[in-house]
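Read the structure below first, then the notes.
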Amino acid sequence: MTLRTRFAPSPTGYLHIGGARTALYSWLHARKHNGQFVLRIEDTDRERSTQASVDAIIEGMDWLGLDYDEGPIFQTERFDRYAEVIDQMLEQGTAYRCYCTRDELDAVREAQRANKEKPRYNGKCRDRKDTPEGLDSVIRFKNPLEGDVIIDDLIKGQIVINNRELDDLIIARTDGTPTYNFTVVVDDLDMEMTHIIRGDDHINNTPRQINMITALGKDVPKYAHAPMILGDDGKRLSKRHGAVGVMQYRDDGYFPQAVLNYLLRLGWSHEDQEIFSREEMIELFKIENVNGAASTFNTKKLIWVNEQYIKTLPVAEIAEHLQWHLDDQGLTIVEGDDFPTLHDVIEAHRDRAKTLKELAAGIRYYYQDFESYDENAAKKHFKTATPAILQNLLDKFSQIEDWNAQNIETEIKNTCEELELGMGKVGPALRVAVTGTAMSPSLEVTLDLIGKKRSLARLEKAVEFATAKYA
RNA sequence: GUCCCCAUCGUCUAGCGGUUAGGACACCGCCCUUUCACGGCGGUAACCGGGGUUCAAGUCCCCGUGGGGACGCCA
């Protein structure tokens, strides 16, 4: 039998970081065992499901590179099938109609709470024989009254729940539409899922689902409940509490692989390894090794992981991901006409950017002239001696025929010697003059990339500016 | 309140009866240095508490405590 897993989000918001992790685990488990991975959209709540959310989820999966072999499958397209199974259960007596009103139910729950009991359905209609006309009804699953349900969870180990803790859950609403726990069971069975990997907030649903599966006479799949991700405040990360959509991580400048890498290491490890390629993830991942405890999301670590990728990925790949940010920041790369190649610029900057967003922002001066100098930088590095220093550099640079790092460096040194100044006096001013900021790669590299034409022009401007400043 | 899950440095983790309790992020020093970074070296820092079991417990059991989750005609 082919191993099959699924990711089954409800389209009530974007794909957030917690969902992304369970999706990753499911995906990895399937890929590792040459199985199949299915994307199923659980949209039975028609009130809250939106097409925008469906799109966002698919976009997120796509960005992360979590490809699926089947899907997206929409539950709303399977209502006939659910109705069929409900009829079957009604017929075989494993489900029944319940005529209790919401008010009655609320009253029962309230009383139970007051009595310090776990609120649950009291089974009032469980053995009801009549079928009153004109009364609204829901359909409930007839859960066993006695005995234990045992979950052999791949992550948590054995979990035992007594059926007395469970109640008869509603499987079809008054309007006839099926509910979550039921559709999950039907789908997981129909779609021949062998492994159910999901968040551990579903542990409480599992025994009910197992009971339904058993009632339908089918084999129970394997379960793996992954722990939650907590925010800095120790609270569970959710859409309404601190969790941002995965696309936000693209916007913030992270590589999808870095996000995956971070998510994987959050709750799982392989010896002392921190960085995993996609292939290594698939090869080394074992669902049994996922930590059973919840873990706290740590942005600093994610940044560090991202840095590792920015430092080591092939330049072409970085450029690919960088393009979105260049567009976003309105920077057009025109190579040629004395402009540096993006390749060379990335190579020069990759070690000093934490994110693609930073990288994009930091390379603007190669392709665009700046209007003004960074205020602090100019204040700190443009002194009274600056015009003379810059003029000296300008004169020497003008003489360079072969504009390259080696020759540039030589001339900077010549200026230092001639003016009897240390690099510390010359360098910073030169940097501000040609980049407008106080930070850049080493000067000869920076100047080389900026090109002779623009370097000279900017020096001229800077001489003027600094002269005016001290006039 | 009831049920379920969980518990090693601030954070992510290794550990699967005998370890100087290891690694990573972060943090703090030092080195490198024309800026910002990178990098290198070093350092601070943890077994929630109490009972057992055992020659021996971070590792196994129980009880607390703490945190998380679930108790919907949401998923």
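Letters A, B, ... are given to chains in the order of the sequence lines, protein chains preceding strands, and every chain is numbered from 1.
- Remark: A:Y254 pairs with A:Y249 by the ring pair (Phe, Tyr, Trp, His ring centres under 6.0 Å) rule, at least two apart or across chains.
- The phosphate of B:rA75 has OP1 or OP2 within less than 4.0 Å of a side-chain N or O from A:T44.
- The nearest whole Å value for the distance from the CD1 atom in A:I171 to the C1' atom in B:rG72 is 16 Å.
- Under the Watson-Crick or G-U wobble criterion, with both distances below 3.5 Å, B:rU20 has no partner in any strand shown.
- Pairing of B:rG58, defined by two Watson-Crick or G-U wobble distances under 3.5 Å, is not identified with any nucleotide.
- One interatomic measurement links the two molecules: CD1 of A:I229 to C1' of B:rC5, which rounds to 16 Å at whole-angstrom precision.
- For A:Y309 and B:rC25, the OH to P distance is 15 Å, given to the nearest whole Å.
- Ring to ring, A:H202 and A:Y180 are close: their centroids are under 6.0 angstrom apart.
- Residue A:Y223 contributes atom OH, which lies 17 Å from atom C1' of B:rC5 at whole-angstrom precision.
- The main-chain N or O of A:P227 is found under 3.5 Å from a side-chain atom of A:R21 such that the two form a donor-acceptor pair.
- Taking a pair to require two hydrogen-bonding distances under 3.5 Å in either a Watson-Crick or a G-U wobble arrangement, B:rA14 remains unpaired.
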For nucleotides 43-49 of chain B, which of its nitrogen or oxygen atoms have a protein nitrogen or oxygen under 3.5 Å away, and what is each distance?
none

Please produce a list of atom pairs where a protein N or O lies less than 3.5 Å from an N or O of nucleotides 7-14 of chain B.
{"residue": "B:rC12", "atom": "OP1", "partner": "A:T296", "partner atom": "N", "Å": "2.8"}
{"residue": "B:rC12", "atom": "OP1", "partner": "A:T296", "partner atom": "OG1", "Å": "3.2"}
{"residue": "B:rC12", "atom": "O2'", "partner": "A:R265", "partner atom": "O", "Å": "2.9"}
{"residue": "B:rU13", "atom": "OP1", "partner": "A:G267", "partner atom": "N", "Å": "2.8"}
{"residue": "B:rU13", "atom": "O3'", "partner": "A:S269", "partner atom": "OG", "Å": "3.3"}
{"residue": "B:rU13", "atom": "O2'", "partner": "A:S269", "partner atom": "OG", "Å": "3.3"}

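- Aromatic ring centroids of A:Y68 and A:W27 lie 6.0 Å or more apart.
- Look at B:rU34: it lacks any Watson-Crick or wobble partner with both distances under 3.5 angstrom.
- Pair check for B:rC3 finds B:rG69; Watson-Crick or G-U wobble, both atom distances under 3.5 Å.
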Mind listing the side-chain donor-acceptor pairs of residues 135-144 of chain A below 3.5 Å, one per line with the distance, residues two or more places apart or on another chain?
{"residue": "A:S137", "atom": "OG", "partner": "A:R97", "partner atom": "NH1", "Å": "2.9"}
{"residue": "A:R140", "atom": "NH1", "partner": "A:D168", "partner atom": "O", "Å": "2.7"}
{"residue": "A:N143", "atom": "OD1", "partner": "A:N211", "partner atom": "ND2", "Å": "2.8"}
{"residue": "A:N143", "atom": "ND2", "partner": "A:N163", "partner atom": "OD1", "Å": "3.3"}

Distances for protein N/O vs nucleotides 58-62 of chain B N/O pairs under 3.5 angstrom?
none

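- Between the CG atom of A:L135 and the C1' atom of B:rC73 there is a distance of 16 Å, rounded to whole Å.
- A side-chain donor-acceptor contact under 3.5 Å links A:R120 to the backbone of A:R164.
- Residues passing the side chain to side chain donor-acceptor pair (under 3.5 Å) test with A:E47, sequence neighbours excluded: none.
- A tilted orientation is assigned to the rings of A:Y309 and A:F255, their planes being inclined by 30° to 60°.
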Let's go through A:E110 and A:R113 carefully: what are the C-alpha distance in whole Å and the side-chain angles of both, what is the deciding distance for salt bridge (charged side-chain N to carboxylate O under 4.0 Å, His left out) to 0.1 Å, and is it a yes or a no? CA-CA 5 Å; A:E110 205 177 312; A:R113 273 184 208 280; over 6 Å; no
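- Minimum heavy-atom separation, A:L230 to A:R236: CD1-CA, 3.8 Å.
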Protein and nucleotides 29-34 of chain B: nitrogen or oxygen contacts under 3.5 angstrom:
{"residue": "B:rU34", "atom": "O2", "partner": "A:R431", "partner atom": "NH1", "Å": "3.1"}
{"residue": "B:rU34", "atom": "O2", "partner": "A:R431", "partner atom": "NH2", "Å": "3.1"}
{"residue": "B:rU34", "atom": "O4", "partner": "A:E444", "partner atom": "OE1", "Å": "3.2"}

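- Mapping A:I203 and A:R208 onto RNA chain B by nearest heavy atom places A:I203 at the nucleotide closer to the 5' end.
- Open room surrounds CD on A:E420; 12 or fewer heavy atoms of other groups in view lie less than 6.0 Å from it.
- Protein atom CD1 of A:I196 is 15 Å distant from nucleotide atom C1' of B:rA75, rounded to whole Å.
- Between the base of B:rC73 and the side chain of A:T174 there is a donor-acceptor pair shorter than 3.5 Å.
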List, with names and distances, any nitrogen or oxygen atoms from the protein found under 3.5 Å away from nitrogen or oxygen atoms belonging to nucleotides 37-40 of chain B.
{"residue": "B:rA37", "atom": "O2'", "partner": "A:D351", "partner atom": "O", "Å": "2.9"}
{"residue": "B:rC38", "atom": "O4'", "partner": "A:D351", "partner atom": "O", "Å": "3.4"}
{"residue": "B:rC38", "atom": "O3'", "partner": "A:K311", "partner atom": "NZ", "Å": "2.7"}
{"residue": "B:rG39", "atom": "OP1", "partner": "A:K311", "partner atom": "NZ", "Å": "2.8"}

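- Between A:F285 and A:W268, the two ring planes are tilted [angle within 30° to 60°].
- Residues A:E411 and A:N414 have side chains that bring a donor and an acceptor to within less than 3.5 angstrom of each other.
- In this structure, A:H270 and A:F276 have perpendicular ring planes: the angle between them is above 60°, well past the 30° mark.
- The residue A:H225 sits apart from the nucleic acid: no heavy atom pair falls under 4.0 Å.
- Side-chain contact, A:D395 with A:Q391: a donor N or O sits under 3.5 Å from an acceptor N or O.
- Applying side chain to side chain contact (heavy atoms under 4.5 Å, CB included) to A:K286 and the options A:L284, A:N289, A:V290 leaves one that passes, A:N289.
- In this structure B:rG42 sits in a base pair with B:rC28, meeting the Watson-Crick or G-U test at under 3.5 Å.
- Nucleic acid contact for A:R120: none, since no nucleic acid atom lies under 4.0 Å from a heavy atom of the residue.
- For A:H325, there are no ring pair (Phe, Tyr, Trp, His ring centres under 6.0 Å) partners at least two apart in sequence or on another chain.
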Dump the intermediate steps for salt bridge (charged side-chain N to carboxylate O under 4.0 Å, His left out) on A:E42 and A:R40, then the final yes or no. CA-CA 6 Å; A:E42 312 226 317; A:R40 186 171 75 218; 2.9 Å; yes
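- Figure legend. B:rG64 is base-paired to B:rC48; pairs are counted as Watson-Crick or G-U wobble with both atom distances under 3.5 Å.
- Screening A:L166, A:I210, A:N204 for a side chain to side chain contact (heavy atoms under 4.5 Å, CB included) with A:I161, the sole residue that qualifies is A:L166.
- Partners of A:S269 by side chain to side chain donor-acceptor pair (under 3.5 Å), not counting sequence neighbours: none found.
- One can place CD1 of A:I170 at 11 Å from P of B:rA75, the figure rounded to the nearest angstrom.
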Check the pair A:W304 / A:Y262 against ring pair (Phe, Tyr, Trp, His ring centres under 6.0 Å), numbers first and verdict last. CA-CA 9 Å; A:W304 178 82; A:Y262 175 73; over 10 Å; no
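- Distance, A:Q158 CD to B:rC4 P: 13 Å, rounded to whole Å.
- Taking the O4'-C1'-N9-C4 or O4'-C1'-N1-C2 dihedral as appropriate, B:rC36 has a value more than 90° from 0 and is therefore anti.
- Using a 4.0 Å cut-off on heavy atoms, the residues of residues 105-118 of chain A that approach RNA chain B are A:R109, A:K116, A:E117, A:K118, listed by number.
- At a non-hydrogen distance threshold of 4.0 Å, nothing from residues 380-396 of chain A comes into contact with RNA chain B.
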